[in-house]
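For reference, the structure is listed below as structure tokens.
Naming: A, B, ... by sequence-line order, numbering from 1 per chain.
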Amino acid sequence: MEVMTEKKIERKGPVLFSPYKRGEGIKAALKLKRNDILFEVKEAGLKGRGGAGFPTSAKWMLTAAAKSDKKYIVCNADEGEPGTFKDRVLLLEYPELVFEGMVIAGYTVGSDQGIVYLRGEYEYMLSSLEDYLKEMKKDNLLGDKILGTDFNFNINIHLGSGAYVCGEETALIESLEGHRGEPRNRPPYPVNTGFMGCPTVVNNVETLSSVPHIITKSGEWFKKHGTDKSTGSKLFSVSGDCNKPGVYELPWGTTIKELLKLVEAKDTKAVQVGGASGVCVPVNQFDRKLGFEDLATGGSIMIFNKKRDMLKVLKNFMEFFVEESCGQCTPCRIGNVKLLEGTEMIEKGTHTFKYINTLKELGKTMQVASKCGLGQSSPNSFISILDNFKEEIFSSGRNGGDKK
Amino acid sequence: MLLEEKNSLSEEIEKYVNEYGNNRAALMPILQAVQRNHNYVSDFAQQEVARMLDIHPVEVYSVISFYSFLHSKPRGRNIVRLCRTIACDMVGKDAVEKAVTRELGIGFGETTKDGKITLEFTNCLGMCDQGPAMIVNERVFVKLDPEKAINILNEIK
Ligand SMILES: Cc1cc2nc3c(=O)[nH]c(=O)nc-3n(C[C@H](O)[C@H](O)[C@H](O)COP(=O)(O)O)c2cc1C
Ligand code: SF4
Ligand code: FES
């Protein structure tokens, strides 16, 4: 497999990449009472790493409290946000963390079935992941009566088929049920009405991977890293103009400036935080901190140096959204097309500022009126790039952009 | 389609249904299996899947049309998908794109005359630290340049 030919990197990091022995998380968890695990995860202050940052302990408590014979643990491995690839590294190099996190979640909320929703683009991982699951079964870390207890848990892997929106948790569930991946109205939330109408935990790969460390090393230890509101560490997927692209584990609270230094980025003009649905941060804001207090992100960091054309970047993002909108609701279906057309007008120099301002207003409407996070966040790039790079974009250097 | 082909396709689908289950949640894995073997899901295959899962054929079609990796029209034996998202774009996707179209004599979205290769664009493949990236069937190739990309295409059967 081509990506595997890359030499396995010696990874270092304070939390996720800290030493861990396969199986020790499950072993420790099964000795604890369910409430003690919930307490530990709460103490750790773990928040969802998929982007939304919902407290994991709250999600688990709600699912644990829901009454049902069947409950599910879903690992969201759809990783479709442009510029994100940290889940790829966790799945390929740290499957023990991902799967043991699922087993522990299952034990805690009273579920015996886990499902990994693996994006279709990651099909090349499927056989090695399935082999790993077989190994776990052999070692009695999975299957019936895990480690001699009464707890049963199995994990299936379900492949996606190339739809970014299926990373949204309710669209993901629709997709699992064999439907088009169209987001549902919420409430009801998956914690009550999820896969097949049963209470379901949907957690990101990285969120689940944090759990075995919290169980073996304590919530107190986890909390020592990061900031008050953003505890622990975060994996950042760094790409674009720098000498050392790749996955970095850094404590929350790291500034953009610090990160740029670490990855050896020079002449940086802009950093896109959070992928296409994130925001574009200009040089004068590089002291901003990565964390839920300021720049919350699923971990995509794309770096642009002085030579890059930010309008081209914006156009690439808007094309992405036009293609990936599920088309279910009007603000997003039509809105993204209008924002892309506006971007092309600027490119050709046929725009008026009056119209561009109208489009920014439209963007704000989309942020409140769209049904799911895709349409709510797709205008972020449009607004932040046009606001932060207006001199460049509307200057005389560009294709008649100054004439209007 | 010949009757024999139809029969063997029906048998094949029946095998998938036995493996994945005859319920709605099995629909995607079944369609993915058909697609893996034939590179598209024909009208007849859609009808058979619908019949065996006891759902309307339109339901099957509506699912296929939603997902960018599922197709209802015939395509090449090998599917080549080049990432066109910005991180790959910044490190030379254009050069690879041009070289590939020149070499195969077809554009993106098209299939070679001998039915060997279909070229497509795709969005971020999660290889942004090693771009330009492309997927051939399900294998991933990274750090492409024009020559490397052409060599990969030439090796495809
Ligand atoms: C359009 C869209 C795409 C998303 N894609 C992903 C994804 O690929 N992976 C992920 O973990 N969460 C994704 N999310 C967030 C999920 O809806 C959900 O919040 C998350 O899986 C919850 O897990 P967490 O609490 O562990 O973060 C996406 C959300 C939206 C709106
Ligand atoms: S916001 Fe966009 S992706 Fe989300 S439901 Fe509406 S149309 Fe679909
Ligand atoms: S941008 Fe091409 S793999 Fe992410």
Against chain A, label B:Arg84 side chain, backbone, both or neither, depending on which of its atoms sit under 4.5 Å from a heavy atom there. both

Turns out that what part of A:Tyr122 lies under 4.5 Å from chain B's heavy atoms comes down to side chain

Heavy-atom contact with chain B under 4.5 Å, split by part of A:Gln272: neither

Examine whether an atom of A:Cys166 lies under 4.5 Å from a heavy atom of chain B, and if so say whether it belongs to the side chain, the backbone or both; otherwise answer neither. side chain

Residue part contacting chain B, namely of A:Val238, when any heavy atom lies under 4.5 Å: backbone

Could you tell me which of B:Ala87, B:Gly126, B:Ser65 has the largest number of non-hydrogen atom pairs under 4.5 Å with chain A? B:Gly126

Could you check whether any side-chain N or O of A:Asn316 sits under 3.5 Å from a backbone N or O of B:Thr85, counting only pairs where one atom can act as donor and the other as acceptor? no

Is the backbone of A:Gly181 close enough, under 3.5 Å, to the side chain of B:Tyr67 for a donor and an acceptor to pair up by distance? yes

Residue A:Glu264 excluded, over 12 heavy atoms near CD under 6.0 Å: yes

Which bit of A:Glu319 comes within less than 4.5 Å of chain B, counting heavy atoms only: side chain, backbone, both or neither? neither

Are any of the side-chain nitrogens in A:Glu123 or B:Arg139 under 4.0 Å away from the carboxylate oxygens of its partner? no

CZ on A:Arg88 to SG on B:Cys128, rounded to 0.5 Å: 8.0 Å

With chain B, the option among A:Lys244, A:Glu81, A:Glu323 that has the most non-hydrogen atom pairs under 4.5 Å is A:Glu323

Below 4.0 angstrom, N of the basic side chain to O of the carboxylate: do A:Lys86 and B:Asp129 qualify? no

With a 4.5 Å limit on heavy-atom distance, are the side chains of B:Met90 and A:Arg308 in contact? yes

Measuring only between side-chain heavy atoms, which start at C-beta, is B:Asn123 closer than 4.5 Å to A:Glu121? no

Given a strict heavy-atom distance threshold of 4.5 Å, which part of A:Leu159 is in contact with chain B: side chain, backbone, both, or neither? both

Side-chain contact test, heavy atoms from C-beta onward, threshold under 4.5 Å: evaluate it for A:Arg180 versus B:Ser62 and give yes or no. yes

If only atom types and distance count, is the side chain of B:Gln32 paired as donor or acceptor with the main-chain N or O of A:Gly160 below 3.5 Å? yes

Chain B contact via A:Ile303 - side chain, backbone, both or neither, heavy atoms under 4.5 Å: backbone

If you count every heavy atom of other residues, nucleotides or ligands that lies below 6.0 Å from B:Asn154 atom CG, does the total exceed 12? yes

Let's test your reading of the structure: which of A:Ser161, A:Pro245, A:Ser239, A:Gly162 forms the most heavy-atom pairs below 4.5 Å with chain B? A:Ser161

Residue part contacting chain B, namely of A:Glu79, when any heavy atom lies under 4.5 Å: neither

Identify which part of A:Ser175 has an atom lying under 4.5 Å from any heavy atom of chain B, answering side chain, backbone, both or neither. both

Smallest separation among heavy atoms of A:His158 and B:Pro29, with atom names: CE1-CD, 4.0 Å

Are more than 12 heavy atoms, taken from residues, nucleotides or ligands other than B:Tyr61, located less than 6.0 Å from that residue's OH atom? no

Heavy-atom cut-off 4.5 Å, strictly under: side chain, backbone, both or neither for B:Val63 against chain A? both

Pick one of side chain, backbone, both or neither for B:Ile135, based on which atoms fall under 4.5 Å of a heavy atom in chain A. side chain

Hey, does A:His179 have a side-chain heavy atom less than 4.5 Å from the side chain of B:Phe66? no

Is there a side-chain contact (heavy atoms from CB on, under 4.5 Å) between A:Phe320 and B:Ile86? Walk through the geometry before answering. CA-CA 10 Å; A:Phe320 173 80; B:Ile86 193 72; over 6 Å; no

When every non-hydrogen atom of B:Ala25 is compared with those of A:Met196, the smallest separation belongs to CB-CE, 3.5 Å

